[in-house]
Amino acid sequence: MIIKNAKLITWEEENRILDDSSLLVKDGLIGDIGGDLETKHPEEEVFDARGQYVMPGNICAHTHFYGAYARGMGIPGDAPKDFPEILEKLWWPLDMALDEEGVRYSALVFAVDAIKNGTTTLFDHHASPSFIDGSLDVIGDVIEDAGLRGVLCYEVTDRNGGEGAKAGIKENVRMIKKAAGNDRLGAAFGLHASLTVDDGTLDACRGSIGEEAGFHIHVAEHQADEYDSLKRSGLRVVDRLKKHGILGPKSIVAHGVHMDQQEAVLLAESGTWLTHQPRSNMNNAVGVAAIEDFLRLGIKVGIGTDGFYHAMWEEWKTAYFLHKVHHRDPRRMNAMDIIQMGIRNNAALAKVYLPEATLGEITKGAAADLIFVDYHPYTPLSAGNLPWQMIFGFQEGMITSTMVAGKFLMKEKELLTLDEEKIASESRALAPAIWERYESFVGKYS
Ligand SMILES: [Zn+2]
């Protein structure tokens with residue numbers, strides 16, 4: 001297929017904006033880039049981009065599909081007063097309430113959401129303690145049917161007993177083996193957080209998988225994680241994870257809000273990835289991670305949604321504003337740092353888990369994962385001011401088409417792989433039973 005009449009935002013190392021350009025999409029890849037490709041490839045069908053901006057699809061470095069049913073759900077009793085209470089009263093009873101259908105529809109509704117918001121690759125961190133064995137297959141099937149790319153894991157935890165932890169380990173090992181060589185589905189080894197895994201479980205996780213695997217775990221999201229780790233081991237969270245072999249160039253830690261400087265150094269030295277989720281951090285009132293310091297230290301920082309709707313530009317904007325108000329200094333969190341996280345680092349992280357696909361750039365041979373943006377700048381837009389045009393001008397509602405591996409998942413606002421109305425209606429029918437089970441588990445952890 002030839003995509004003609006496009007303004008290409010390439011996000012190559014030296015970003016370029018190519019007006020009035022065409023792309024050849026062949027075998028899921030970008031085969032050629034140029035002015036007039038129609039004459040060169042007369043046999044190809046042509047899609048007219050109508051002068052829209054065409055750029056790589058967005059990547060979400062950390063999310064939880066399982067949180068979908070929290071939308072609109074009431075929490076019984078007093079409102080949670082801090083993050084540990086949010087876990088006990090909201091997330092743990094909710095993930096416990098998910099059965100196979102609940103897992104499937106959580107993934108389906110967020111797949112619809114991702115496609116509409118132009119997010120084409122997602123790192124999901126899953127929990128469903130009532131349905132562990134096979135849960136990642138259910139999510140993997142949704143990802144494959146939707147046409148997206150995903151990197152899955154199951155969060156191992158001791159909070160539901162030894163059997164639950166063992167089943168979680170098995171699910172990770174199984175999926176890591178199953179996903180090997182798949183360019184649309186990858187897998188990490190999931191761990192919930194230091195505060196819900198004892199030393200034996202950490203060692204069992206490490207021992208169950210080869211050195212080539214990476215871990216995906218929440219770290220120091222709230223100070224409770226640090227105090228718990230100190231009490232358990234005399235070590236801070238990152239030191240404890242290092243001792244148990246969890247860090248490394250494939251491993252991902254989410255948040256890092258309450259790490260100290262030495263923990264940040266350990267992440268940098270070990271090449272461990274860190275993901276920033278500012279909307280979630282604000283909603284949980286856990287604090288603000290020292291993201292600029294982390295970048296300066298050389299930590300590879302990516303950005304994710306943590307189960308919020310998968311609008312990555314909105315997450316970027318939240319990061320851009322949050323760090324300014326937090327420091328009461330409008331010079332903080334430069335838009336170039338946002339691009340470093342949202343474009344460069346997220347794409348490099350995706351390369352670690354989906355090595356066969358080159359994502360996050362429009363170059364010959366890169367994956368044809370593209371979004372079409374109907375944006376009409378009323379001031380000059382250049383490669384130099386693009387980050388600010390994106391933060392102050394781009395909105396996900398301007399995305400008209402989403403393509404992954406050369407296949408349209410949404411074309412001119414029409415979803416082609418998933419039926420949103422049907423999925424939403426079936427999901428609404430399922431929700432009352434999930435909410436009822438959720439209510440029956442509230443109080444189990446407090
Ligand atoms: Zn998370």
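In each ligand, atom 1 is the first atom listed, and ligand 1 is the first ligand listed.
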How long is the straight-line distance from CG of Asn58 back to CG of Asn346, given to the nearest 0.5 Å?
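So the CG of Asn346 and the CG of Asn58 are separated by 8.5 Å.
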Which value, rounded to the nearest 0.5 Å, describes the distance between Phe65 atom CZ and Ser135 atom OG?
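Taking CZ in Phe65 and OG in Ser135, the distance rounds to 13.0 Å.
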Any chance you could lay out the side chain to side chain contact (heavy atoms under 4.5 Å, CB included) test for Met410 and Ser401, step after step, and finish with the verdict?
CA-CA 5 Å; Met410 178 170 76; Ser401 300; 5.6 Å; no
Under 3.5 Å, is there a donor-acceptor pair between the side chain of Thr318 and the main chain of Pro278?
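Not at all, since once roles are kept as given, no pair shorter than 3.5 Å links the two residues.
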Please answer whether the main-chain N or O of Val142 pairs with a side-chain N or O of Arg104 as donor and acceptor at a distance below 3.5 Å.
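No; zero donor-acceptor contacts below 3.5 Å.
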Is Asp369 salt-bridged to Arg149, going by a charged N under 4.0 Å from an acidic O?
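Yes.
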For the Zn ion (ligand 1): protein N/O/S atoms at distances below 2.8 Å
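Excluding waters, the total comes to 4.
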